[in-house]
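Because the structure is predicted, anything quoted here is derived from the model rather than measured.
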Number of protein chains: 2
Amino acid sequence: MTPPTPLHLSLAGQAVDVLREQVLTGEIPAGSRVNEVEVAHKLGISRGPLREAIRHLASEGLLTLVPHRGAFVPGADPGDVKALFELRTALECAAAELAASRRTDVDLVRLHEVCAESRRNYRSGQPFPYRLDLAFHQALITAARSPHIAEQVRLVQQRVVLLRSALEDDPPHQHASMDDHDELVKAVEDGDAARASTVMRRHLSRVCAQMLTSLNH
Amino acid sequence: MTPPTPLHLSLAGQAVDVLREQVLTGEIPAGSRVNEVEVAHKLGISRGPLREAIRHLASEGLLTLVPHRGAFVPGADPGDVKALFELRTALECAAAELAASRRTDVDLVRLHEVCAESRRNYRSGQPFPYRLDLAFHQALITAARSPHIAEQVRLVQQRVVLLRSALEDDPPHQHASMDDHDELVKAVEDGDAARASTVMRRHLSRVCAQMLTSLNH
DNA sequence: AGACTGCCAACTGTCGACAGTTGACATGTT
DNA sequence: AACATGTCAACTGTCGACAGTTGGCAGTCT
């Protein structure tokens, strides 16, 4: 059924997926080094494709390259966290504004859906899975309909996930986040771009502060 | 004088610089393909480092990769230009806000310097070099002191330069841009973040509209 | 004439091997 | 003992060659 379609991704592409997963889940812990021959052998490929995969992940900020030394999983530096959240705030506030002026009905349905699932999860007493938080922000940038902003948001959120994996998971303040999310959906629903941006900024500033305190134990 | 320092960048790094230059200046025209063996031979290197260079430029948006076909210099699509400027606006408005609240005296000196040179150039009757426009925006993001935002702005501006190289250069509206720049400096000097953001948004919206008209001849 | 089929050259994807550099350990010196 | 120097294994940077895929062209059939 896929005769001409190269169903099999290139080896480099596959390696990117596998490595990204391992880095984001902390399977390859922060600070550790990626040995080319070792990993290539483990993946059953040669060093060429693996190198391309490593460079790709480095361009996404998931690895840091040191000439003649190799690739390392970056750790969490408080100063860098603040700078990263400045970028995230710039991107997601803009996304919130655009979403407020461009959202369709299906976007709103999706946003309400995610919020409802969060509430359900909260009442069940279970810990707040980051999955739901990501789903919310994902739904928002979808509503913004700005492909370049969406791509950058994806990259930044990925780096935030990496930072979180380096933290001993403090359960996120689900209640505060849920309230922020609800308020955001309301602003987007009303088409109030300015309010959406303001709420997003407050939300992210709260999340950032929380991560910084987690960093100092 | 640089005994341990690997003064010579890696071959891949050198190739990145050379290729970036050739792509941005239009020496490799939009739509054309980059033949690996041919270019590698021309640069006197092997295909390995060249491939890494190509992938790197692709991650910067300066090349588009097609599996089993190779790398192409992307052309200018009006819809994409709008989306790109949405990203640029998000980033540079945030930078303008931050600059207004963080700028030091040396930042202000630099900003005034660039504006003054623009006025001098204008009075001399010469065409407005994009160099001065880039210098202004560069000075602004320096004043913002947000490394991640700065990096992303650099990448976006690079793509704008690529778009411009694909256009038959219409001289930019220097007068309007100069006024915008002056107004921006004033807002930054006053520490008025909201105003800086507003002016930047208007400025970029103007520049974007101008590029779109240039696209339709 | 037009459409389909099978071949072919060109190019990308991948591999294994060689060369140069780095950090660490061992040895010698003050 | 602390420091400087020499040596070495491990790893990255680079290269040339092979295999698989793509798009185009010639030839054939309707």
*Asks:* Write down the distance between CZ (A/R51) and P (C/dG16), rounded to a whole number of angstrom.
*Replies:* 16 Å

*Asks:* Report yes if some heavy atom in the side chain of A/V207 is under 4.5 Å from a heavy atom in the side chain of A/F85; otherwise report no.
*Replies:* yes

*Asks:* Counting side-chain heavy atoms from CB outward, which of C/dC15, D/dG13, D/dC15 is closest to A/P49?
*Replies:* C/dC15

*Asks:* How many whole angstroms separate atom CG of A/L50 from atom C1' of C/dG16?
*Replies:* 15 Å

*Asks:* Nearest whole Å is fine: how far is D/dT12 C1' from B/E52 CD?
*Replies:* 10 Å

*Asks:* Out of D/dC15, C/dG13, C/dA17, which nucleotide sits closest to the side chain of B/H68?
*Replies:* C/dG13

*Asks:* For a quick test of reading the model: is some side-chain N or O of A/R69 closer than 4.0 Å to OP1 or OP2 of C/dG23?
*Replies:* yes

*Asks:* For B/I45 and D/dG13, what is the distance between atoms CD1 and C1' respectively, to the nearest whole Å?
*Replies:* 12 Å

*Asks:* Students often mix this up, so state it plainly: with edges at 30° and 60°, are the rings of A/H137 and A/H203 parallel, tilted or perpendicular?
*Replies:* parallel

*Asks:* In whole Å, what is the span from the CZ atom of B/F72 to the C1' atom of D/dT22?
*Replies:* 11 Å

*Asks:* Given B/Q157, which partner from the list B/Q152, B/E92, B/Q138 fulfils the side-chain hydrogen bond (donor to acceptor under 3.5 Å, both in side chains) test?
*Replies:* B/E92

*Asks:* What is the distance from CD1 of A/I54 to C1' of D/dC11, rounded to the nearest Å?
*Replies:* 12 Å

*Asks:* Rounded to the Å, how far apart are B/E36 CD and D/dC15 P?
*Replies:* 14 Å

*Asks:* Closest nucleotide of DNA chain C for B/R33 versus for A/G48: which of these residues is on the 5' side?
*Replies:* B/R33

*Asks:* Show, in sequence, the C-alpha distance, side-chain angles and deciding distance for A/H181 and A/D133, and conclude whether the side-chain contact (heavy atoms from CB on, under 4.5 Å) test is met.
*Replies:* CA-CA 9 Å; A/H181 288 184; A/D133 187 62; 3.2 Å; yes

*Asks:* Look at A/R120 together with A/E117 and state whether they make a salt bridge at an N to O cut-off of under 4.0 Å.
*Replies:* no

*Asks:* Send over the distance from A/E38 CD to D/dA10 P, rounded to a whole Å.
*Replies:* 13 Å

*Asks:* Can you identify which nucleotide, out of D/dG13, C/dT14, C/dG13, has its nearest atom closest to the B/R55 side chain?
*Replies:* C/dG13

*Asks:* Categorize A/V66 for me: base, sugar-phosphate, or nothing, with a 4.0 angstrom heavy-atom threshold over every strand shown.
*Replies:* nothing

